[in-house]
Protein chains: 2
Amino acid sequence: MTTHSRRAYEEIRRLILVREIPSDEPISERGLSERLGLGRTPIREALKDLERDGLIEVSPRRGTFVRRLSLADLRDIYEVRMGLEGIAAFLAAARGPTSQLLSFEEKFEKLLDDPSSELLTIQKLGWDFHDAIYEAAGNRELLRLNTGLRNQIGLTMELPRHHDHDRVRATVAEHLKILRAIKAMDPEGAQRAIYQHLSNALSAGAQIFSKFE
Amino acid sequence: MTTHSRRAYEEIRRLILVREIPSDEPISERGLSERLGLGRTPIREALKDLERDGLIEVSPRRGTFVRRLSLADLRDIYEVRMGLEGIAAFLAAARGPTSQLLSFEEKFEKLLDDPSSELLTIQKLGWDFHDAIYEAAGNRELLRLNTGLRNQIGLTMELPRHHDHDRVRATVAEHLKILRAIKAMDPEGAQRAIYQHLSNALSAGAQIFSKFE
DNA sequence: GTCATACCATTGGTATACCAGTAAGGCTAA
DNA sequence: TTAGCCTTACTGGTATACCAATGGTATGAC
């Protein structure tokens, strides 16, 4: 059985990412409690987790707000990703690729050949690829920390359907480069490749971001 | 005012690290509630945080237990540290050392000259140095993630006063190497140095650990 | 009109009663 | 004696009543 807390977490998270809960308006525990038809306790537990994941900020006695990410926050998050995914790629390369990871090679190559493919599909595949790297690292702590980061990034990425066409395509090539380094069991190379990739992604993200401010 | 939840967190954490709460016995929320003279709510909040920090494990309706780290867990934690502290050192080197960080150079050199110094003092200084690197990276997310890891490591480190004399001394030289790379604004070098350092620390830790199993 | 103040609605923090699930120990039947 | 069920005590999960602090607003003095 899934607990109420868990369901509350999922639902509130969804409401935030879909922007049904605006970032400038306080959300009260009682309001959510009523809205979701649950007591305050599971709501509080969910909010606690969301705060830990960096999705909301609680100001005691003032209110709870959806976190509004600054450009600096975005940079911070990406730097952390470099650290975490860098070591993940390093480890994955050191122990050799999983079969799951290898299965991405063909898909990426197909995407490069076929320029008509859906941007969303590509993007989804990219996320899966990143997760697969974490998996291949064989480190449970790493896996645990990944989740929180993913949610935070979602906070910035859902907002616009501002896909930069060229950028999305470029990522495929970058992913392929990472994958090949892991396949070649070249830890440093894999790490370098993912650093480069995330650095590029941050630049692109920052550009989109600044258009919104 | 510091909230009850906060105080509960600190106190329970202390009780765990000092091993006043054994790892094989369940600890109940009600027991802690009574012991600390607080309601169950702040206790639950504290336990939630402790679980998040990897210090305890909650089995619904069975009990809450102090987490018992396996050697694999220890390795996982150190690998995460490599990721996080690696990028921290990288960033610190890229932006140049803080004055706080530089102040460690003299202290380390003094320690190398004076072989009579207290092992505990050296060790404490080492922890402070690692924290200073995080600070120097200028990244708040990194700082946040550091805390959780520190607690987990405490879980393994408090246990024995099993200081390996030679190992502790060796760390000073390794710290100095890291510091100098940051000072020279050599990101890759700093990262390499900290990888090496943590890798050595893990080996030493694993050795002590295995003696206990 | 403006500023100070006192009140009040609303927030998160806390304590606690109650619920549901678990497992261990004793009791019963073979 | 032993296998198996069933009671019971205890766990964490949930709902909710109450508390203290905050900030907006209405009111009244100037």
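Note that the structure is predicted; figures quoted are calculated from it, not measured. Each chain gets a letter, A, B and so on, in the order its sequence line appears, and its residues count up from 1.
- Comment: Glu34(A) does not engage Arg40(A) in a salt bridge, judged by the lack of any side-chain N to carboxylate O separation of less than 4.0 angstrom.
- For the segment residues 29-40 of chain B, the set of residues with a heavy atom within less than 4.0 Å of an atom of DNA chain C comprises Arg30(B), Leu38(B), Gly39(B), Arg40(B), in numerical order.
- No contact: Leu47(A) has no heavy atom under 4.0 Å from any strand.
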Report task. Just do the side chain to side chain contact (heavy atoms under 4.5 Å, CB included) check on Val66(B) and Leu55(B) with the steps written out, would you? Result -> CA-CA 6 Å; Val66(B) 173; Leu55(B) 286 184; over 6 Å; no
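- In this structure, Arg140(A) has no side-chain hydrogen bond (donor to acceptor under 3.5 Å, both in side chains) partners at least two apart in sequence or on a different chain.
- To the nearest angstrom, P of dT11(D) lies 15 Å from CD1 of Ile56(B).
- Ser59(B) has no side-chain polar atom (N or O) that falls below the 4.0 Å cut-off from OP1 or OP2 of dG12(D).
- Partners of Arg52(A) by side chain to side chain contact (heavy atoms under 4.5 Å, CB included), not counting sequence neighbours, listed by chain and number: Asp49(B), Arg52(B), Asp53(B).
- Protein atom CD of Glu45(B) is 12 Å distant from nucleotide atom P of dG12(C), rounded to whole Å.
- Picking from dG12(D), dT14(C), dT14(D) the nucleotide with the shortest atom distance to the side chain of His4(A) gives dT14(D).
- For the atom pair CZ (Arg167(B)) and CD1 (Ile208(B)), the distance works out to 9.5 Å, reported to the nearest 0.5 Å.
- Ion pairing of Glu141(B) with Arg144(B) is present here, as a side-chain N (NZ or NE/NH1/NH2) and a carboxylate O approach within less than 4.0 Å.
- Residues that satisfy the side-chain hydrogen bond (donor to acceptor under 3.5 Å, both in side chains) test with Ser70(B), not counting sequence neighbours, are Asp73(B).
- Contact annotation for Ile43(A): no contact, since no heavy-atom pair falls under 4.0 Å across all strands.
- Spacing between atom CD of Glu51(B) and atom P of dG12(D) amounts to 11 Å, rounded to whole angstrom units.
- Applying the side-chain hydrogen bond (donor to acceptor under 3.5 Å, both in side chains) rule to Arg95(A) yields no partners; only residues at least two apart in sequence or on another chain are considered.
- Residue Ser28(B) has a polar side-chain atom (N or O) positioned under 4.0 Å from OP1 or OP2 of dT11(D).
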Interface polar pairs with nucleotides 22-26 of chain C, N/O, under 3.5 angstrom:
{"from": "dA23(C)", "atom 1": "OP1", "to": "Arg62(B)", "atom 2": "NH1", "distance (Å)": "2.7"}

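- Remark: Arg81(A) qualifies as a cation-pi partner of Tyr78(A) under the 6.0 Å distance and 45° angle criteria applied to the six-membered ring.
- Checking the phosphate oxygens (OP1, OP2) of dA15(D), no side-chain nitrogen or oxygen of Thr41(A) falls inside 4.0 Å.
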